[in-house]
2 protein chains.
Amino acid sequence: MPDQRITLKDIAQRVGVSTGTVDRVVHKRGHVSAEIRDRIEHAMKEMGYAPNLAARSLANNNKPFRIAIILPDYRQDPYWAQPKEGLERAAESVRHYNVQTEFFSFSMFQPRDFLESVDKALESGPGAVLAAPLFLEEAKILLKGCQLQNIPLVFINTDIEGADILSYIGQDSYQSGVLAGRLLNFGLSDGDHAMLVNLDKEVSNARHLQDKERGFKDYFNGIDKKSIQIHTAVLENFDQPDFMREWAKKQFEQIPRLNGFFVTNSRAYKLVEALDAAVQDRVKIVGFDLIEPNLKLLAQGKIRFLINQNAWHQGYLGILTLVNKMLMSKEIPRTQYLPLDIIVKENVEYYLKRTLELPMVIV
Amino acid sequence: MPDQRITLKDIAQRVGVSTGTVDRVVHKRGHVSAEIRDRIEHAMKEMGYAPNLAARSLANNNKPFRIAIILPDYRQDPYWAQPKEGLERAAESVRHYNVQTEFFSFSMFQPRDFLESVDKALESGPGAVLAAPLFLEEAKILLKGCQLQNIPLVFINTDIEGADILSYIGQDSYQSGVLAGRLLNFGLSDGDHAMLVNLDKEVSNARHLQDKERGFKDYFNGIDKKSIQIHTAVLENFDQPDFMREWAKKQFEQIPRLNGFFVTNSRAYKLVEALDAAVQDRVKIVGFDLIEPNLKLLAQGKIRFLINQNAWHQGYLGILTLVNKMLMSKEIPRTQYLPLDIIVKENVEYYLKRTLELPMVIV
DNA sequence: CAATATGCCGTGTGCGCACACGGATAAATT
DNA sequence: AATTTATCCGTGTGCGCACACGGCATATTG
């Protein structure tokens, strides 16, 4: 632990030059003779120089670092409120580095709206872009735009394979499916049946869904201790209670030992609502996301496990990633998967608090 | 989102005084007339002034903030390596605020050694103290010392009820016991038996153990769906494989339907080693901590769940708490419980990586 | 009334860094 | 030899804040 922090001045004195010259070397701005450059670089290593970020940010304070954020409208789907919150929280915690954020929201059902946001965002001349690229073709235009302007781009939630971006931050859908299988299996008995239920109208998450399904089935194929039979259901009419109840009733008639459900998104509560009280207590349900209706059912024991995708963290890490890269010149991994938190009634409160309290910023 | 950051100068101009006067109000250093003080405070609220931490830390950079850390020697118990790591990591991330840390380790079996560390720590004239107060009486001396020197004190791992400290950071032992009960119960059937196993020689964790046991039993008393019978075992000879095997054999003879174990500390692997191969696959074991031997058995399915106490975070949060209080003048809650992470084979890697990658500091 | 004390407030300096600007030297050109 | 050009390097200023210092009033005292 170095007692005294090494400053530009220190190594300038050591080498016998001015701080300006050292600064030129630090920023590789040229106009320094090879010999002196070598001596400075050598001295920096030897003395263990590390720039004082506080001072750096102060000195840079005239030019803000602006991040354009392209996100679906959270009023269309409450899911997007979570990344948004994380983004806002992160923005708040790096305000002191003069980081500014600007939101460009779009309708998650209209690719053209996305494009419009892309245009607006790029025209605003940002220092970096963070986006949820729901539409593949349109996202490629964003990609090109960022390359042209030579600014870093971060994707959250949805990745585009092979895209030349700074980083992708999201869930590991496949692994979350595997995890769901694991949790369900733990509570099921030999000979039981389980069902994967997809309650969704759109296919915007098609890829995530596929991966989850694959992971879920792979898990059950991989075990040999018990025999659990897996079924699959896709229901677009999850908003019609009557339809749902009817559907559920039929399932149990056809599959008496149907004892487990895996709801692949945050709508597990919709499934519970469709079940009779007695059934609610018997079947094991695994779902996603700590949203209010799910939490209530978790507390009642009617949802056994919730897997927390940590959507909040997507936004948070997104900002931190950009700040780490651009202001702290850190190396960033191409892919950053978020932890898959397992939530039950007994530990849920810590996860709810964590997003509120945990203080953090930059290293 | 305020486009332009508000500075001291801004509000000085607005009120019509100098920055020095505003600064005096900010730091409550007096020598300001009541009227001007009010006007300044009003303007600060109205304009939403927030100090620029970078500038503040720069201006304070001559006087480091030194934190004395009193911790058990991690060579005696690998557990303590985790908080230590968290402490070091946190120290690293706040280095730029000129925060320095100094470790004073002690033997976890010798109260007098602890006292010696306390003396050394207090004599070094720290700006704050962080300690793991394993010994009640001796800890009281530390308490008095800090009160005398008027410096904040943070406890980790072990709390002392009613002690006047800044904050306690640790696990919620009771709740972790409840959680263990929940997890075990999920995999057990009506009529099964479960056993709480305490593999420990010392009673230094007596309190934590009691709480865990209470939580565990409370859980099973609270359910009415199944009937699970609970047993308890305290084994000090966990280091003798022959003894352990013999003991285990006897248990299964006496309790044929013994299908679940809750190991109250990180030594779940010791229990697994004492079981026959067939039994290893059958019984459900819930333990604590992501240590190497446990992880291996988790991957093999021989430990079903590990509850992660996040000992790493104790250290990390400890430093952040002190920095938040002293440098950012934030309010700090008296008790900070750490999340109870549920770890299975399928999500373990995220938790191992998380401690390595997650970048953070201060808000 | 002068001398001193007291309350209030502005000014100046430095923290470490970034960067524009200009000065110095040597090399190349006229 | 005088001038230009290129190369290399030092200096100065400001970022927002903390704080010592000193100045200017007004109040207090001899």
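Just so you know, these numbers use all the heavy atoms, side chains as well, and skip hydrogens, waters and symmetry mates. Just so we're on the same page: letters track the sequence lines, and every chain starts at 1.
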Between [Y] and [X], is there a side-chain heavy-atom distance shorter than 4.5 Å?
X	Y	value
S57(A)	N60(A)	no
S167(B)	L322(B)	no
I67(A)	P126(A)	no
F104(B)	E102(B)	yes

From [atom1] of [X] over to [atom2] of [N], roughly how many Å is that when rounded to an integer?
X	N	atom1	atom2	value
K28(B)	dA18(D)	NZ	C1'	16 Å
Q13(B)	dG10(C)	CD	C1'	14 Å
I11(B)	dG16(D)	CD1	P	14 Å
H31(B)	dG23(D)	NE2	C1'	15 Å
N52(B)	dG14(D)	CG	C1'	14 Å
D10(B)	dC17(D)	CG	C1'	13 Å
R37(B)	dC8(C)	CZ	P	10 Å
M44(B)	dG16(D)	CE	P	17 Å

Residue [X], side-chain atoms from C-beta onward, closest of [options]:
X	options	result
L8(A)	dC17(C), dC19(D), dC17(D)	dC17(C)
A55(B)	dG16(C), dC8(C), dC17(D)	dC17(D)
A59(A)	dC9(C), dG16(C), dC19(D)	dG16(C)
N60(A)	dC15(D), dG14(C), dA18(C)	dA18(C)

Original post:
Which residues within residues 14-27 of chain B lie with some heavy atom under 4.0 Å of an atom in DNA chain D?
Top reply: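 DNA chain D contact set from residues 14-27 of chain B: D23(B), H27(B).
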**OP:** Return the minimal non-hydrogen interatomic distance between N157(B) and Y168(B), and the atom names on each side.
**Re:**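 The pair with the smallest heavy-atom distance is O-OH, 3.1 Å.
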**OP:** Using a strict 4.0 Å threshold on nitrogen-to-oxygen distance, state whether E88(A) and K84(A) make a salt bridge.
**Re:**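 Salt bridge between E88(A) and K84(A), a charged N being under 4.0 Å from a carboxylate O: yes.
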**OP:** Tell me which of R56(B) and V32(A) sits closer to the 5' end of DNA chain D, going by the nucleotide each one is nearest to.
**Re:**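 Closest to the 5' end, via its nearest nucleotide, is V32(A).
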Original post:
Below 4.0 angstrom from OP1 or OP2 of dG16(D), is there any side-chain N or O of Y49(B)?
Top reply: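 False: Y49(B) side-chain N/O out of range (4.0 Å or more) of dG16(D) OP1/OP2.
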**OP:** Take the C1' atoms of the five end pairs on each side of the helix from dC1(C)-dG30(D) to dT30(C)-dA1(D), get both axes, and report the angle to 10 degrees.
**Re:**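 Taking the rotation axis at each end, their angle is 70°.
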**OP:** Test L130(A) against every option in L166(A), I156(A), T101(A) by the side-chain contact (heavy atoms from CB on, under 4.5 Å) rule and name the one that passes.
**Re:**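 For L130(A), the side-chain contact (heavy atoms from CB on, under 4.5 Å) test succeeds with only one of L166(A), I156(A), T101(A), which is I156(A).
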Subject >> Stepwise side chain to side chain contact (heavy atoms under 4.5 Å, CB included) test for D10(B) and M47(B) >> reply: CA-CA 9 Å; D10(B) 292 329; M47(B) 305 178 71; 4.3 Å; yes
Subject >> Selection residues 117-128 of chain B - residue pairs positive for side chain to side chain donor-acceptor pair (under 3.5 Å), sequence neighbours left out >> reply: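 The answer is R66(B)-S124(B).
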